[in-house]
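Below: the structure, in structure tokens.
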Amino acid sequence: MADFRIVYFDEVDDPYQVTLLFQLSLFFPAMPNVLEEMRANDDRYTSEFGIFAVTRDGAVAAGHLLMRIPTATTRGRLDVGGVNAVATRPDFARRGFMTSIMNATHQYFRERGLDHSVLTTSGRLGAMVMYERLDYAELSRSHIAVKYPKQPRTPVPSEVLVRSFSDDDIPIVNKVYTEAVRKSYGFIHRPSDFLKARKYATGEMKPKENLRIAQRGDTAMGYAYWDSNPRISEAYEIIALDSQSFQALLADAEQRNPGAGIFVWCDGLTSLEIGWLRDAGYQVPIETYGIALVKSLKGKTDSRKLKSLYGVELGKFRLGLWDGT
Ligand SMILES: CC(C)(COP(=O)(O)OP(=O)(O)OC[C@H]1O[C@@H](n2cnc3c(N)ncnc32)[C@H](O)[C@@H]1OP(=O)(O)O)[C@@H](O)C(=O)NCCC(=O)NCCS
């Protein structure tokens, strides 16, 4: 194996080397200003931000970003380590770079008192073999709900109005989320302005175009974020305080894009909302390749025990698309 050093982000001489790494491995054009924006706005990134392998001639061969994520378990709040944007340059692949980095990461998490390392990935990727070798095991599977245009439309509840989002709604969205997730577990502790904290600031998230608010009288009862084109409307997040408001958000999407398939990512939903989707005539839950993995940093990983800690089998676990690594 080539001679290399493992360093943190601020020790990399040229941040464009990190940009190139993410571009080549993940098709993620993370220009230095984008990385800085992510670091400044998403408080889940640790102060070291990323860990990388640098070769003797200064190439950043591999690396990933580092997170510390607050979660809710059946035994209370627990911070876990988060591994984000795992990447090895193709010209350095299969030489043990990522295995070395991951081992250093696990030590880094242990030194910070963390008992678990978590990451979200796709079961289709070769990376799964590496994660399994490193003793990562399944925490949860990603599911979707789907309805095609040939299927009956969701009835429009008369008492709930659905409207577009404006900047004044940011606290409303946060409030609805906090209230809706109160009795569930998982990745539910968000910063107060999570839209900004996640992707709002980078411009990838377009709430004015895509976020819809459900309200009953003057009270906001739910919201949904839809990414739409003529073939598909995809809900990255749909959260509501009651079944009618949830139904109103589905009916709104079906009406606004009548020829499209409606897809709802269920990762952030509990069995309660999955039931609401079923009531509205959706096929659900349908398994996808998405998977959340967890590794115990103290001894062998016991997937069953960790699922139980997070209420996965109880149907009370949430790991929304905006909350993954
Ligand atoms: C996944 C990835 C990070 C692996 O990095 P790497 O530095 O090549 O990993 P390592 O050399 O430490 O691999 C260790 C072991 O993992 C397994 N492994 C790694 N990549 C694999 C692949 N593509 N297919 C099958 N097994 C693989 C092998 O068992 C390998 O050991 P071996 O080479 O002795 O057989 C790299 O292939 C990559 O960046 N892929 C594209 C981006 C990506 O998929 N990231 C993960 C997103 S969650």
Side-chain angles (χ1 to χ4, degrees), residues 37-46 67-73 76-80 82 84 118 120 159-228 234-250 252-253 264-270 272-274 276-277 292 310-311 316-325:
E37 216 166 340
M38 287 162 62
R39 187 179 194 177
N41 286 306
D42 190 338
D43 62 2
R44 296 173 306 166
Y45 289 113
T46 68
M67 292 176 152
R68 182 184 182 109
I69 307 174
T71 66
T73 75
R77 188 178 161 124
L78 180 72
D79 281 7
V80 297
N84 173 222
V118 172
T120 48
E159 287 161 27
V160 184
L161 173 98
V162 178
R163 61 167 175 82
S164 57
F165 166 93
S166 75
D167 281 338
D168 296 342
D169 291 317
I170 289 175
I172 289 170
V173 166
N174 291 329
K175 190 161 168 264
V176 168
Y177 179 81
T178 308
E179 172 66 20
V181 304
R182 216 162 31 93
K183 290 186 179 144
S184 47
Y185 307 113
F187 291 63
I188 60 170
H189 291 302
R190 288 176 163 175
S192 57
D193 185 356
F194 81 92
L195 286 178
K196 179 157 188 278
R198 297 296 187 261
K199 289 187 179 147
Y200 197 17
T202 68
E204 285 172 35
M205 205 185 265
K206 295 181 182 145
K208 286 209 181 83
E209 288 93 327
N210 298 339
L211 198 58
R212 305 284 291 170
I213 307 283
Q215 76 182 52
R216 196 187 277 279
D218 286 340
T219 310
M221 295 296 289
Y223 64 90
Y225 186 94
W226 296 97
D227 191 16
S228 299
E234 210 177 336
Y236 291 173
E237 181 152 299
I238 175 164
I239 290 286
L241 299 178
D242 63 23
S243 62
Q244 284 206 331
S245 307
F246 198 92
Q247 213 180 55
L249 290 161
L250 295 173
D252 172 62
V264 176
W265 286 95
C266 299
D267 309 35
L269 304 180
T270 62
L272 176 71
E273 293 111 354
I274 305 282
W276 293 345
L277 280 160
Y310 278 106
K316 291 190 165 189
F317 176 74
R318 296 183 196 264
L319 203 180
L321 287 194
W322 290 332
D323 302 300
T325 66

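Interatomic distance, NZ of Lys316 versus CG of Leu272, reported as 10.0 Å (0.5 Å rounding). The distance from atom CZ of Phe187 to atom CD1 of Ile69, rounded to the nearest 0.5 Å, is 5.5 Å. Taken from OH in Tyr177 to CG in Leu195, the straight-line distance is 11.5 Å, to the nearest 0.5 Å. With rounding to the nearest 0.5 Å, the separation of CD1 in Ile213 from CG in Leu249 is 8.5 Å. The CD atom of Glu159 lies 9.5 Å from the CG atom of Asp242; values are rounded to the nearest 0.5 Å.
Salt-bridge check for Lys206 with Asp227: failed, with every basic side-chain N at 4.0 Å or more from each acidic carboxylate O. In summary, Asp252 and Arg163 do not engage in a salt bridge, as defined by a charged side-chain N under 4.0 Å from a carboxylate O.
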Test log, rule side chain to side chain contact (heavy atoms under 4.5 Å, CB included), inputs Met221 and Gln244 = CA-CA 9 Å; Met221 295 296 289; Gln244 284 206 331; over 6 Å; no

Check the pair Trp276 / Gln247 against side-chain hydrogen bond (donor to acceptor under 3.5 Å, both in side chains), numbers first and verdict last.
-> CA-CA 7 Å; Trp276 293 345; Gln247 213 180 55; over 6 Å; no

I would like to know whether Asp167 and Lys208 meet side chain to side chain contact (heavy atoms under 4.5 Å, CB included); could you show each step before the answer?
-> CA-CA 8 Å; Asp167 281 338; Lys208 286 209 181 83; 3.3 Å; yes

Please assess Leu277 against Leu269 for the test side chain to side chain contact (heavy atoms under 4.5 Å, CB included), listing each intermediate value before the final yes or no.
-> CA-CA 10 Å; Leu277 280 160; Leu269 304 180; 3.8 Å; yes

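For the pair Phe165/Val173, a side-chain contact is recorded, criterion being any heavy-atom separation below 4.5 Å from C-beta on. Using a 4.5 Å cut-off on side-chain heavy atoms (C-beta onward), Thr73 and Thr71 make contact.
Judged by distance alone, with hydrogens and angles left aside, the side-chain atoms of Asn174 form a donor-acceptor pair with the main-chain N or O of Ser192 at under 3.5 Å. Between the side chain of Asp42 and the backbone N or O of Arg39 there is no donor-acceptor pair closer than 3.5 Å. Between the side chain of Thr325 and the backbone N or O of Thr120, at least one donor-acceptor pair lies under 3.5 Å.
Each of Arg318, Arg44, His189, Arg190 was compared with Asp323 under the side chain to side chain donor-acceptor pair (under 3.5 Å) criterion, and only Arg190 meets it. Only one option out of Arg212, Glu237, Gln215 pairs with Tyr223 in a side chain to side chain contact (heavy atoms under 4.5 Å, CB included); it is Glu237.
Pro70 and Asp79 make their closest contact through CA-OD1, 3.3 Å (heavy atoms, listed as atom of the first residue, atom of the second, distance). Val264 and Trp226 make their closest contact through CG2-CH2, 4.2 Å (heavy atoms, listed as atom of the first residue, atom of the second, distance). Between Ala214 and Ser245 the shortest heavy-atom distance is CB-O, 4.0 Å. Shortest non-hydrogen contact noted between Leu319 and Ala292 is CD1-CB, 3.6 Å. Smallest separation of non-hydrogen atoms from Ile274 and Cys266: CD1-CB, 3.7 Å. For the residue pair Leu241 and Ala220, the shortest heavy atom distance occurs at CD1-O, 4.3 Å.
Counted by atom type alone, Ser184 and Thr270 present zero donor-acceptor pairs between their side chains at under 3.5 Å. Asn210 and Tyr236 form no side-chain donor-acceptor contact under 3.5 Å, judged by distance and modelled atom types alone.
Checked against the 6.0 Å centroid threshold, Trp322 and Tyr225 count as a close aromatic pair. Taking the six-membered ring for Trp and the full ring otherwise, Phe317 and Tyr185 have centroids separated by 6.0 Å or more.
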